Structure formats: structure tokens, C-alpha cells
*Asks:* 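The structure under discussion is supplied below as C-alpha cells; questions concerning it will follow.
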Amino acid sequence: MPRDSVAELLAHATAALDREFGSLESFEAEPGGNDGALLQVLEETARRLGDNYPYFHPLYAGQMLKPPHPVARAAYALAMKINPNNHALDGGRASSAMEVEAVREIAGMFGWTEFLGHLTSSGTIANLEALWIAGQLRPGQRTVGSEQAHYTHQRISAVLKLDYTPVAVDEWGRMRPETLEDELRKGDVGTVVATLGTTAVGAVDPLEEILALAARYCCRVHVDAAYGGYFGLIADDLGDSARRAYAAIGRADSIVIDPHKHGLQPYGCGCVLFRDPGVGRFYKHDSPYTYFTSKQLHLGEISLECSRAGASAVALWATQRLLPLVKGGEFARGLAKGRRAAVELDRRLRADERFVALGEIVPGFSSASNPEHPPQLDIVVWALASHAADFGEISERTTKVFDACAARGLHLALVQLPRSWFGHKDRDSERSDTFKCLRSVLMKPEHEAWVGRIWEKLNEASERLF
Ligand SMILES: *Cc1c(COP(=O)(O)O)cnc(C)c1O
């Protein structure tokens with residue numbers, strides 16, 4: 001295992017922080033506890049965590065999980081000495097200022113300088129705020145998003161009492177503009193949710209076309225880029241349609257991005273941005289106790305949540321100091337590594353007749369006629385070739401491959417996807433049924449070096465099942 005340098009970094013930083021507060025009168029902190037007991041409890045804690053799954057190793061390549069950067073872990077732990085609360089300036093003066101700076105850098109990635117935005121505890125809360133504002137600007141109107149949009153959009157809409165309609169997707173999981181237009185023609189849609197990087201397959205909705213339609217039918221556009229938001233930094237490495245979508249992102253009305261997904265942060269860090277700072281008027285409230293000391297705009301006045309971890313802002317700020325959000329920088333190179341790992345795994349799957357990659361054998365949509373095929377980002381999905389087996393049998397075999405990989409220390413994920421995406425036509429129904437597929441999220445920079453090993457294990461695990 002690589003050396004974990006966080007403890008050393010933290011010791012240095014804690015000494016520096018202690019110097020900052022060195023002029024305070026000394027006092028005895030309570031509760032203390034003796035070192036022996038603390039150590040014992042922490043050893044027990046480590047033993048319990050040993051059973052945790054998923055984890056940091058590159059052979060864990062299933063669900064979305066990217067370990068926080070050491071600087072984020074150390075900065076977060078450092079801030080814990082104070083435990084600032086970014087509900088308002090009064091809850092954490094320095095950490096609030098750091099949040100404002102860090103969020104401005106994220107907005108800058110989308111070309112925004114005048115905007116309203118802040119961190120949230122998650123992408124779900126960030127999307128909730130975006131749809132809450134959208135609902136107030138377009139009262140009584142519907143919200144539409146693709147069938148592959150994150151499942152929380154339906155729930156959020158139910159909470160906000162907004163009508164929500166899913167729109168059909170194509171064989172790569174992207175919203176179909178013609179189906180979107182059918183909905184828009186009905187005249188009652190207020191907001192379109194476009195996803196840049198769907199959770200299941202990393203599909204990128206055709207944002208340019210969506211923005212053009214939304215302009216024609218006077219709708220707002222909210223971009224859910226919780227997963228994929230950072231890929232704009234390596235847009236030149238993406239396929240043409242994804243690149244065009246990222247080029248258009250700055251024209252959206254609101255954007256959600258999760259620093260705790262691809263931004264190397266501990267969980268508890270989402271972000272919502274609005275292009276029009278004027279939407280701040282909807283957040284107005286009178287709290288009797290939180291805002292006394294400043295006439296400045298308080299984070300608490302532009303956020304739905306009250307208490308929020310100031311440590312999240314501190315960790316994000318420190319990470320962006322070390323790894324600025326710029327094209328060609330170290331952070332962007334890390335994203336590009338995962339992307340290359342995904343492209344390589346996908347290439348091997350396509351060349352192997354035991355597997356069917358996404359978009360591989362859909363008639364008229366095949367990779368041969370369409371050189372720009374999935375994966376659009378760094379998520380790879382594939383099915384087992386059918387070879388006349390029925391779908392029940394394919395699902396069973398897929399589970400066996402998944403288990404055999406896990407037995408060899410390679411952890412993938414299972415996902416239900418429409419059969420039609422893998423070339424199976426359903427005779428009896430217009431809508432395609434789903435079946436079990438395999439999925440790998442190659443979001444760790446180490447995955448580029450490990451993709452050969454991942455393939456070896458997948459190959460071994462599949463050998464006896466065909
Ligand atoms: C993960 C994700 C969400 C939800 O974000 P949380 O931070 O898990 O609450 C929303 N949308 C997309 C596209 C996501 O990938």
C-alpha cells in the first residue's frame with residue numbers, strides 16, 4: 001500500500017493552527033479521556049472499517065467512489081479543530097470566505113463571473129434548490145428530464161409539488177431532442193433538466209440542442225452535472241457530441257456539480273450555481289439569531305439548509321489551491337487518466353465476442369458507422385453476448401461473472417439497462433425491457449495503470465462461463 005501521508009501533513013498543519021490561536025489563555029479541554037482508552041477505541045474503529053466496502057483500491061472499480069485527496073483529508077481534519085458552520089458568516093468567518101472563493105472558482109470553470117452559488121451537503125440538495133427556484137419562476141408549469149436523469153429529480157419534484165415528466169433516451173442513454181420537443185409543444189413545460197454525465201452510464205445529454213429548443217419554447221434549463229461537471233476541463237479528449245454539450249454549459253440557467261464525486265472531496269460537498277444572481281430574492285428570510293455582525297451577503301441567506309460543514313469548504317478551498325481547476329492542470333490530467341482507462345476497457349470489450357459494449361450492435365447506430373461511440377465519460381457498461389440464451393439465463397450468467405470477479409478481488413457493479421441498447425428488439429412492446437449488465441466506474445486516476453489488471457481478472461472470471 002502507498003504510504004498514507006495525511007497524519008504527517010495534519011500534524012504540521014495543526015501546529016500552525018495552534019500558533020494562530022496561541023495568544024489565547026490556556027485551558028483544560030473537556031472531555032479528555034486517557035490516551036490508552038482513545039487508542040483502544042480507535043483500533044476497534046479501524047477493525048470495524050476493515051469490513052467496509054467499497055474502498056480506495058483501483059481494483060474496486062464498481063460504484064462511484066473516488067478517495068479524497070490527502071490535502072482535502074488533512075484540511076478537513078484541521079478545520080475539525082474548530083468545526084466551523086457555514087450556515088452564516090457568524091458561524092465561520094474564515095471558512096465562509098473560503099467557500100465564496102472556492103465556489104467562484106467552480107463557477108469560473110463554466111465561464112461565470114456574475115452568479116449566485118454556494119456549497120450544499122449533497123447533489124440532491126443542490127438539485128432541490130435549483131428546482132425550487134425554477135418552480136417559483138415558473139409556477140404551475142411542468143419539469144421534464146430524461147428517463148436516465150438521477151432518480152432524485154422525481155422525488156424532489158414530488159416534494160416541491162411540481163409535475164415531472166421523463167423524456168425518452170437514445171441507445172446511449174442521452175435525451176432525445178425530438179421527444180423533448182413533443183413535450184415542449186404542449187406548452188406547459190417550465191424547466192428542462194439536462195444531465196451531463198448520467199449516473200448509470202455517464203451519458204451526456206445533447207445540451208446544445210436542448211438549449212435551442214428551450215429558447216424556442218421559453219423554458220429554463222437546469223444542468224445536472226453532479227457527476228460529470230468537471231469533464232469540461234478535458235472536453236477536448238471527449239467525443240464530438242459530449243464536447244459540444246460542455247461548450248454550451250455556460251448558457252444554462254442553473255448548474256449542479258458535486259465536488260464529492262469527481263472533485264476529490266469527502267462526502268458532504270455539493271454545489272449549486274445560478275446564472276442570474278437576482279434569484280437570491282427567493283431565499284429571503286428573517287432569522288432572529290443568525291445574522292448580526294455583517295451587512296455582507298451571508299451564505300445562510302442564499303441557501304435552503306441551515307447548518308453545513310464549514311470543513312467541506314475548507315477542504316475544497318485547499319484542494320483547489322493545490323490543484324486549480326484549469327485545462328491541462330494536474331487535476332484535469334487525473335480526470336483524463338480515468339477517461340483513458342474507460343476507453344481502453346471499452347476497446348477490449350468491443351474486440352471480445354463474449355461481451356457486447358454499449359452501442360456496439362444497434363443497427364444503424366453501430367460503432368463502425370459511428371466512430372464516436374460510448375463511453376462518453378469514464379463509466380463503462382457492457383452486457384454478455386446472448387448466443388441464443390434467454391434473458392433469464394443471461395442475467396444469471398452476468399451475476400456469476402460479477403461474483404467470480406469479486407472472488408478475485410475485482411469489484412464491478414451490476415446495472416439494469418434497456419435490452420434495446422444492446423441490440424435486442426422487443427417484439428411485443430414499444431418500450432424496451434431491461435436486463436442485467438455489468439458496469440465499471442473508472443474514476444480513480446490509478447485506473448489507467450490498472451486497466452490491464454482489471455481486464456485480466458474479468459477475463460479469468462468469465463473463462464469458464466462461456
Ligand atoms: C450522484 C448524482 C446526484 C445526487 O447527488 P448526491 O450528492 O448523491 O446527493 C444527482 N445527479 C447525478 C447526475 C448524480 O450522479
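Counting convention: from 1, in listed order, for ligands and their atoms alike. The structure displayed is predicted, hence computed values, not measured ones.
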*Asks:* Can you give the donor-acceptor pairs under 3.5 Å from side chains of residues 181-188 to other protein atoms, not counting sequence neighbours?
*Replies:*
from   : atom 1 : to     : atom 2 : distance (Å)
Glu181 : OE2    : Arg216 : NH1    : 3.2
Glu181 : OE2    : Tyr217 : OH     : 2.7
Asp182 : OD1    : Arg185 : NH1    : 3.0
Glu183 : OE1    : Arg142 : NH1    : 2.6
Glu183 : OE1    : Arg142 : NH2    : 3.1
Glu183 : OE1    : Lys186 : NZ     : 3.3
Glu183 : OE2    : Lys186 : NZ     : 3.2
Asp188 : OD1    : Arg142 : NE     : 3.1
Asp188 : OD1    : Arg142 : NH2    : 2.7
Asp188 : OD2    : Arg142 : NE     : 3.1

*Asks:* Can you produce the list of protein nitrogen or oxygen atoms under 3.5 Å from a nitrogen or oxygen of ligand 1, alongside each distance?
*Replies:*
from     : atom 1 : to     : atom 2 : distance (Å)
ligand 1 : 5 (O)  : Asp258 : OD2    : 3.3
ligand 1 : 7 (O)  : Gly123 : N      : 2.8
ligand 1 : 7 (O)  : Asp258 : OD2    : 2.6
ligand 1 : 7 (O)  : His260 : NE2    : 2.7
ligand 1 : 9 (O)  : Gly123 : N      : 3.4
ligand 1 : 9 (O)  : Thr124 : N      : 2.9
ligand 1 : 9 (O)  : Thr124 : OG1    : 2.5
ligand 1 : 11 (N) : Asp224 : OD1    : 3.3
ligand 1 : 11 (N) : Asp224 : OD2    : 2.7
ligand 1 : 15 (O) : Thr199 : OG1    : 2.9
ligand 1 : 15 (O) : Lys261 : NZ     : 2.9

*Asks:* Can you confirm whether more than 12 heavy atoms, excluding those of Arg321, are under 6.0 Å from its CZ atom?
*Replies:*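 Open: at most 12 neighbouring heavy atoms sit under 6.0 Å from CZ of Arg321.
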*Asks:* Please check: side-chain N/O of Arg333 versus main-chain N/O of Gly328, any donor-acceptor pairing under 3.5 Å?
*Replies:*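 A pair under 3.5 Å: yes.
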*Asks:* Considering the options His222, Glu129, Arg275, which one meets the side chain to side chain donor-acceptor pair (under 3.5 Å) requirement together with Ser254?
*Replies:*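 Checked His222, Glu129, Arg275 against Ser254; only one passes side chain to side chain donor-acceptor pair (under 3.5 Å): His222.
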*Asks:* Cation-pi between Arg419 and Phe391: NZ/CZ under 6.0 Å from ring centre and within 45° of the ring axis?
*Replies:*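 Cation-pi check for Arg419 and Phe391: passes.
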*Asks:* Determine whether the aromatic ring centres of residues Trp450 and Tyr60 are separated by less than 6.0 angstrom.
*Replies:*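 They do not qualify: ring centres at least 6.0 Å apart.
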